[in-house]
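Note on naming: letters A, B, ... go to the chains in the order of the sequence lines (proteins, then strands), and numbering restarts at 1 for each one. FYI, side chains are in, hydrogens and waters are out, and symmetry mates aren't considered; it's all heavy atoms of this structure.
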2 protein chains.
Amino acid sequence: MNAKSDRIPADERRVQILDAAVEVFGRYGYAAATTDRVAKGAGISQPYVVRMFGTKEQLFIETLGHTLARLLRTFRAALAEADAEGLSAEARLGAAYLELVGDRGVLLTLLHGFMMGADPAIGPVARGGFFEVYRMLRQEAGFTPEQARSFLAEGMLINTLIGLDVRPTDDLATAELLACTFGDDVPESFERSIA
Amino acid sequence: MNAKSDRIPADERRVQILDAAVEVFGRYGYAAATTDRVAKGAGISQPYVVRMFGTKEQLFIETLGHTLARLLRTFRAALAEADAEGLSAEARLGAAYLELVGDRGVLLTLLHGFMMGADPAIGPVARGGFFEVYRMLRQEAGFTPEQARSFLAEGMLINTLIGLDVRPTDDLATAELLACTFGDDVPESFERSIA
DNA sequence: GTCTATACAATGATAGAC
DNA sequence: GTCTATCATTGTATAGAC
């Protein structure tokens with residue numbers, strides 16, 4: 001809080017901004033996210049955010065890259081993890097994914113990237129990250145094409161269910177689909193119903 | 001083109017606007033879509049769009065409802081269709097879906113709805129439509145919960161591949177995943193590569 | 001490395017006429 | 001049912017100092 005000591009290295013600040021951006025994109029969605037809210041989140045001024053990232057879209061693109069990198073790291077960590085509980089690689093990866101996208105910021109960042117693939121600036125980053133995951137599944141996790149495709153499809157359904165903000169108690173169909181997707185233990189992401 | 005004859009009934013105009021909105025949301029994404037572009041698309045003035053729909057978000061919500069209704073109709077038509085070629089209900093529904101979301105406007109409208117489920121105004125419409133599809137699969141198409149879940153998961157993966165604007169020629173991983181997902185005939189949505 | 005002040009553009013939205 | 005004119009707001013982005 002003291003005057004001059006708030007100066008911190010650019011790279012550190014950059015990460016703070018990216019983290020704040022993930023939060024803001026998740027809370028308001030890309031459209032309603034503003035560089036100002038991101039700045040507030042990072043505890044700095046709005047012009048400084050612009051200074052570092054240029055434009056809102058550029059900020060998003062770097063946020064997406066940041067998030068995709070995090071996803072890859074998470075997957076690799078889950079793979080490396082000794083399967084103490086005798087879980088398959090598939091199960092460990094699934095659990096890791098679920099926990100990551102339980103953060104709505106991470107989820108919306110990924111989803112916005114995935115759907116804006118036609119944007120000349122966003123597309124390459126989004127596709128690059130997505131297929132890097134695919135390659136990882138094939139080469140590092142040892143999945144067959146079939147397994148990889150199925151794993152991704154399940155992931156995309158989970159994305160949708162979280163994105164939709166589905167509640168287990170909504171109705172019979174909802175309960176059935178959630179049960180069928182997650183079995184007994186529905187993730188905590190679906191629990192809160194504070195509205 | 002003549003002066004006064006351009007007055008048409010409100011409901012008709014409304015549909016024209018909604019159709020234009022689908023196109024605009026698909027072309028620019030929700031964030032960059034403007035009521036003005038929609039107005040241009042419908043051949044009317046921007047204030048008239050606002051007059052009819054109130055706000056951009058409200059326009060989106062009605063566009064989403066419109067699109068979900070169209071999706072349901074398309075599915076029901078595919079079910080009713082005599083399976084002349086001996087295709088399963090699953091195959092017919094899949095083909096119908098693929099054709100529909102080949103229209104990027106339809107795809108982005110649905111996806112934006114699905115990921116903004118936490119929005120108090122969008123959420124109910126998005127969830128309502130999604131689970132109406134689920135119920136349709138279970139009750140009208142006769143799918144088991146397992147089949148329905150799997151069908152939806154495949155659909156969500158397809159959404160992602162189209163959203164990402166994936167091209168078959170991008171690289172080996174891409175080609176493999178597309179082949180694994182679509183078999184021999186990859187939809188035309190993936191063909192164009194004009195950039 | 002970071003801020004204040006501010007310019008500027010865009011766009012959503014209103015008022016009121018025809 | 002539809003337009004023209006116009007306003008108000010917001011939010012990105014710049015300039016320049018510290």
Side-chain angles (χ1 to χ4, degrees), chain A residues 1-64 108 112 116 119 121-122, chain B residues 1-64 109 112 116 119 121-122:
Chain A
M1 293 297 187
N2 35 356
K4 296 232 158 156
S5 64
D6 285 346
R7 297 175 117 266
I8 70 178
D11 1 357
E12 238 174 275
R13 193 59 97 180
R14 172 168 280 264
V15 175
Q16 292 180 340
I17 296 175
L18 289 173
D19 287 341
V22 171
E23 214 267 312
V24 170
F25 285 131
R27 191 181 203 78
Y28 304 94
Y30 179 83
T34 67
T35 53
D36 190 60
R37 286 201 240 261
V38 173
K40 292 275 190 0
I44 58 175
S45 71
Q46 179 267 332
Y48 191 30
V49 172
V50 174
R51 160 86 90 185
M52 281 200 125
F53 293 91
T55 67
K56 175 180 161 179
E57 187 179 49
Q58 194 52 42
L59 169 62
F60 171 74
I61 291 169
E62 302 212 28
T63 304
L64 178 61
L108 287 211
H112 189 254
M116 293 302 284
D119 180 292
I122 299 177
Chain B
M1 293 295 187
N2 35 356
K4 297 229 156 156
S5 65
D6 285 346
R7 296 173 118 265
I8 72 177
D11 1 356
E12 239 173 273
R13 192 59 98 180
R14 172 169 280 264
V15 174
Q16 292 181 342
I17 296 175
L18 289 172
D19 287 341
V22 171
E23 215 267 310
V24 170
F25 285 132
R27 191 181 202 78
Y28 304 94
Y30 179 82
T34 67
T35 53
D36 190 58
R37 286 201 241 261
V38 172
K40 292 275 192 351
I44 57 175
S45 70
Q46 179 267 333
Y48 192 30
V49 172
V50 173
R51 160 88 90 182
M52 279 201 126
F53 293 92
T55 67
K56 175 179 163 179
E57 188 181 47
Q58 194 52 42
L59 170 62
F60 170 74
I61 291 169
E62 301 212 27
T63 304
L64 177 61
T109 298
H112 189 254
M116 293 302 283
D119 181 292
I122 298 177

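Computed from coordinates, the Phe53(B) CZ to dA13(C) C1' distance equals 16 Å when rounded to whole Å. Atom OH in Tyr48(B) sits about 19 Å away from atom P in dA17(C), given to the nearest Å. We find that OH of Tyr28(A) is positioned 14 Å from C1' of dG11(D), with the value rounded to whole Å. Between the CD1 atom of Ile44(B) and the C1' atom of dT4(D) there is a distance of 14 Å, given to the nearest Å. Here the P atom of nucleotide dG11(D) and the CD atom of Glu57(A) are 18 Å apart, to the nearest Å. Rounded to whole Å, atom P of dC3(C) lies 10 Å from atom CD1 of Ile8(A). Counting to the nearest Å, the P atom of dT2(D) and the CG atom of Asp36(B) are 17 Å from each other. Between Lys56(A) atom NZ and dG11(D) atom P there is a gap of 9 Å when expressed in whole angstrom units.
Remark: side-chain polar atoms of Lys56(B) are paired, donor with acceptor, to backbone N or O of Ala31(B) under 3.5 angstrom.
Here dA15(D) is the nucleotide among dC3(D), dA13(C), dA15(D) with the atom lying nearest to any side-chain atom of Pro47(A). When the nucleotides dT12(D), dC3(C), dT14(C) are ranked by their closest atom to the side chain of Val50(B), dT14(C) comes out on top. Checked against dT4(D), dA13(D), dG12(C), the side chain of Gln46(A) finds its nearest nucleotide in dA13(D). Checking dA13(C), dT4(C), dT4(D) against every side-chain atom of Thr55(B), the shortest atom distance belongs to dA13(C).
Contact annotation for Ala33(A): backbone-only contact, meaning every heavy-atom pair under 4.0 Å involves sugar-phosphate atoms and none involves a base. Thr34(B) comes within 4.0 angstrom of sugar-phosphate atoms only, judged by non-hydrogen atoms across all strands, and of no base. Residue contacts for Ala32(A): at a heavy-atom cut-off of 4.0 Å it reaches no nucleic acid atom on any strand shown. Heavy atoms of Arg51(A) sit under 4.0 angstrom from at least one base atom.
Comparing Thr35(A) and Met52(B) against DNA chain D, the residue whose closest nucleotide sits nearer the 5' end is Met52(B).
Note that CD1 of Ile44(B) is 7.5 Å distant from CE of Met52(B), once rounded to the nearest 0.5 Å. The CG atom of Leu18(A) lies 5.0 Å from the OG1 atom of Thr63(A); values are rounded to the nearest 0.5 Å.
Proximity of Gln16(B) to Ile8(B): side-chain heavy atoms (C-beta onward) are separated by under 4.5 Å at one or more points.
Taking the six-membered ring for Trp and the full ring otherwise, His112(A) and Phe60(A) have centroids separated by under 6.0 Å.
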